[in-house]
Amino acid sequence: MFIGIDFDNTIARYDDLFARLALESGYLETVPPGGKTAVRDAVRQRHGDGAWQLMQAEAYGSRMAEAELMPGFLGFVGSARRLGVPLVVVSHKSVFSNAVPGPNLRYAALAWMRAKRFFDPGGLGFHVDDIYFEGTRAEKAARISELGCTHFIDDLPEVFAEKSFPAETVRILLGATGGDGNDTVMADWFEIRDFMFTDLERAVA
Ligand SMILES: [Mg+2]
């Protein structure tokens with residue numbers, strides 16, 4: 001087993017931050033239920049994609065510190081570490097926002113990870129070399145292939161649909177509807193942990 005994991009909206013949760021940004025900027029007067037996707041759709045519909053781009057630049061840049069860890073992720077990592085299953089993060093993330101000048105988005109993500117104890121041996125136990133940022137979705141899929149991930153976990157079915165996405169990698173789609181029938185759809189990290197580790201943990205107990 002060699003598990004690859006997406007970053008934005010898979011490990012880092014922006015639902016509350018996007019809701020806050022939509023209210024602060026005056027794009028929305030109330031927040032629709034349905035998390036990040038509902039906020040995105042409402043902002044795009046009323047103010048266009050440019051407004052959404054600006055909000056993303058803030059969320060993934062200057063306001064990144066306000067993002068949260070996705071519920072259940074810590075438990076998943078704990079099980080992986082106990083079982084000795086290696087984890088890598090492969091993220092499609094540009095260096096800078098295309099919408100507006102601002103901070104280096106990759107540094108912002110790494111700083112957030114550091115603050116969440118990703119790189120502490122007594123924390124999540126990642127090494128900085130376990131984190132890959134790629135400039136395009138195709139490059140991300142190629143990286144997953146090159147690393148030889150046996151499983152990849154992502155919130156976007158578009159990643160799995162990339163031509164360069166390796167056929168032999170198990171596709172685990174987090175909390176999304178859709179997928180093309182080749183994807184294993186999981187509601188949250190608690191379900192992913194059960195799916196991947198419960199039998200292994202019983203076997204070593
Ligand atoms: Mg994502």
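All ligand and atom numbering here is 1-based and tracks the order in the structure. Quick note: numbers below take in every heavy atom, side chains included, and nothing from hydrogens, waters or symmetry partners.
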- prompt: What orientation do W112 and F7 show, parallel under 30°, tilted 30 to 60°, or perpendicular over 60°?
  reply: perpendicular

message: Listing by chain and number, which protein N, O or S atoms are under 2.8 Å from the Mg ion (ligand 1)?
response: D6 OD2, D8 O, D155 OD1

- request: Answer with yes or no whether the side chains of Q45 and D41 bring together a donor and an acceptor at under 3.5 Å.
  value: no

task: Quickly, which of Y132, F126, F133 forms a side chain to side chain contact (heavy atoms under 4.5 Å, CB included) with V89? Name it, please.
output: F126

The single option from K140, R171, R143, R137 passing salt bridge (charged side-chain N to carboxylate O under 4.0 Å, His left out) against D6: K140

query: What pair of heavy atoms forms the shortest contact from F165 to V159, and how long is it?
result: CD1-O, 3.6 Å

task: State yes or no: are the ring centers of Y14 and Y60 separated by less than 6.0 Å?
output: yes

